Amino acid sequence: MTKPAPILFPKDFLWGCATSAYQIEGSPLADGAGPSVWHRFSHTPGRVQDGDTADVTCDHYRRWESDVDLMHSLGLNSYRFSIAWGRVLPEGTGRINAAGLDFYERLVDRLLSRGIQPMVTLFHWDLPAALDDRGGWLNRDIAQWFAEYADVMFRRLDDRVNYWTTLNEPWVVADGGYMHGVLAPGHRNIFEAPRAAHHLMMAHGAAVQAYRATGRNKIGLVVNIEPKYAASQSDADCAATRRAEAYMNRQYLEPALLGSYPEELHEVFGEAWPQWPAADLRLIKQPLDYIGVNYYTRAVVRSDPTSWPLKATTVKQKQHTHMETGWEVYPQGLVDTLLWIKDQYGNPPVYITENGACFFDPPQVEGPVLEDPLRVDYLRKHITAVHTAMQRGADIRGYFAWSLFDNFEWAFGFSKRFGIVHMNYETLKRTLKSSAHFYSKVIASNGAAL
Ligand SMILES: CO[C@H](O)c1c[n+]2c([nH]1)[C@H](O)[C@@H](O)[C@H](O)[C@H]2CO
């Protein structure tokens, strides 16, 4: 029997890891930085598991030089990270904190000196608390506040940063921070959630518009996509699946790419769904250079009239492996997602900006490598899924594993470990897991080692 041809990716394919500022940096108030809503949220008793905060986390703010060297040792040719808005603009607007800007400039310079392309996210959930005090994502003015901050970053770094992202996963901010109250700033209000979502997208549009005035490189939007599969072909389950897909997967992609919202959102939000001015949608729909897709899992959906606000719930798929977060491991969902974007939105350039898993990692044992076979299997199957979608015509330009390090997993605190590098939070020792070695071989062979 002939061996299958080795999987090979394009020579200019980006291979990276992804992180975010609040999750790995620590020192949230150092050198003049202003607090974020996540600093406030994690210091509010009962909001984060085990009372964990990111005051130290991976201490990347002080260990960034050796961390870049570790990325280089893995053979990454790209690294996706976010800027803490409050480090650069402590009050969110106005006064610039030079030390904050300098930190990110030095990080970018070191990455480039090691042949690593930075992909920079401007907002990964850590809104300056001073802006939350002025209404935050509920205040329409935030579009201009965000554009002002973005312009500061573009002017300082666009001569070295080739890939910009405005927002990371606006859905998580609106759903977690304003609908269900489980993430910062912790509101639970169906009238606030669509407004926060809309203002997030207006901010995205205003920042892209600002970029086009001076920028010379690429800018995109990162969305989380969780493909929805009807539990049955009943009308009720199919309608519930359409609502779930509109609420998570289309509510952000479609205003950005098409300049319109899915009709199903009127049904989901009811009287809470505002009539938005056409000018808002024109602002949101700015030409983009790429879409970033964060993929982890899928959802099998059935109708559930008791479930708020979607009247839909997910059906556990006991036949498959699940992560510590309860997410099903389903690599076919990534193929389906990438082909869906290709077919529905005109095959835009796509980067997989996050993909990874948190399994129970055994207690750290002394020794060079921590065995994490489930994560190796997850990465192998999902990177293969990316290649499958590319062979079927999807325009995929890169892949970023989530995450480089175990890090602060938001309301889960440090209880969930997504890293390919183990983090000992007492000693801050970094230890490569077998998944890091595996990923390094995949990169070195441009896929042949899968
Ligand atoms: C709802 O799942 C999302 O796609 C998603 C998963 N994740 C994310 N978004 C965030 O972008 C990261 O900050 C998380 O650490 C990471 C792991 O939970």
Side-chain angles (χ1 to χ4, degrees), residues 16-25 36-38 41-42 48-49 52 54 57-58 60 79-84 119-127 165-177 179-180 182-184 197 200 220-228 244-245 247-249 251-253 291-299 310 314 322-331 333-334 337-338 341 350-359 361 375 378-379 382 399-421 423 435:
C17 283
T19 65
S20 85
Y22 188 71
Q23 292 180 272
I24 70 164
E25 287 180 357
S36 72
V37 289
W38 266 97
F41 194 78
S42 66
V48 176
Q49 189 171 330
D52 290 339
T57 184
C58 307
H60 176 73
Y79 171 56
R80 176 176 176 245
F81 65 96
S82 76
I83 306 276
M119 178 181 276
V120 178
T121 303
L122 291 167
F123 174 74
H124 197 126
W125 307 356
D126 49 352
L127 182 74
T165 298
T166 54
L167 309 175
N168 177 74
E169 300 189 343
W171 175 84
V172 174
V173 179
D175 180 78
M179 179 70 90
H180 295 289
V182 293
L183 300 176
L200 278 153
L221 170 69
V222 168
V223 290
N224 54 291
I225 300 289
E226 181 182 272
K228 313 297 182 182
E245 186 178 76
Y247 177 66
M248 183 188 276
N249 299 339
Q251 182 175 350
Y252 302 88
L253 261 185
I291 291 293
V293 172
N294 292 354
Y295 176 86
Y296 289 83
T297 186
R298 69 156 174 181
L310 285 175
T314 58
H322 286 67
M323 304 181 208
E324 290 285 287
T325 47
W327 301 343
E328 179 191 3
V329 175
Y330 192 70
L334 181 50
T337 291
L338 295 174
I341 291 173
V350 164
Y351 293 87
I352 310 301
T353 35
E354 284 180 31
N355 177 242
C358 58
F359 297 109
D361 284 345
R375 187 173 289 104
Y378 181 96
L379 293 179
H382 286 80
Y399 174 90
F400 294 82
W402 183 272
S403 181
L404 176 63
F405 304 129
D406 296 332
N407 59 51
F408 179 81
E409 183 49 43
W410 308 110
F412 284 123
F414 297 112
S415 67
K416 304 292 178 285
R417 291 178 177 267
F418 279 87
I420 63 172
V421 175
M423 187 60 59
S435 54

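We number each residue from 1, following the sequence as shown. The analysis underlying the following values was restricted to heavy atoms, covering all of them including side chains, and did not include hydrogens, waters or symmetry mates. Just so it is clear, the structure is predicted and the values come from calculations on it, not from any experiment. Remember, it's 1-based here, ligands and their atoms both numbered in the order they're listed.
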Within-4.5 Å side-chain heavy-atom neighbours: S42 and Y22: yes
Residue pair S20 / W125, side-chain heavy-atom distance below 4.5 Å: no
How far is [atom] from the closest protein heavy atom, and which atom is that?
atom                    : answer
atom 16 (C) of ligand 1 : Y296 OH, 3.3 Å
atom 13 (O) of ligand 1 : Q23 OE1, 2.7 Å
atom 2 (O) of ligand 1  : W327 CH2, 3.7 Å
atom 10 (C) of ligand 1 : E354 OE1, 3.4 Å

Proximal atoms of ligand 1 relative to [X] (non-hydrogen, under 4.0 Å):
X    : answer
E409 : 14 (C), 15 (O), 17 (C), 18 (O)
N168 : 11 (O)
F418 : 17 (C), 18 (O)

Pair R417-E324, salt bridge (Lys or Arg N to Asp or Glu O under 4.0 Å): steps then yes or no: CA-CA 9 Å; R417 291 178 177 267; E324 290 285 287; over 6 Å; no
Partner residues of F123 under the ring pair (Phe, Tyr, Trp, His ring centres under 6.0 Å) criterion, sequence neighbours left out: W137
From OG1 (T121) to CG (L221), nearest 0.5 Å: 10.5 Å
F405 and H60 aromatic ring geometry - parallel, tilted or perpendicular at 30°/60° bounds: tilted
Ligand 1 contacted by Y295 (non-hydrogen, < 4.0 Å): no
K416 near ligand 1 by a heavy-atom separation under 4.0 Å: no
Nitrogen or oxygen of N224 less than 3.5 angstrom from that of ligand 1: no
E169 N/O to ligand 1 N/O under 3.5 Å: yes
For S403, side chain to side chain contact (heavy atoms under 4.5 Å, CB included) partners two or more places apart: T19, N407
Within reach of ligand 1, part of H124 (heavy-atom separation under 4.0 Å): side chain
Donor-acceptor contact below 3.5 Å, side chain Q23 vs main chain F408: yes
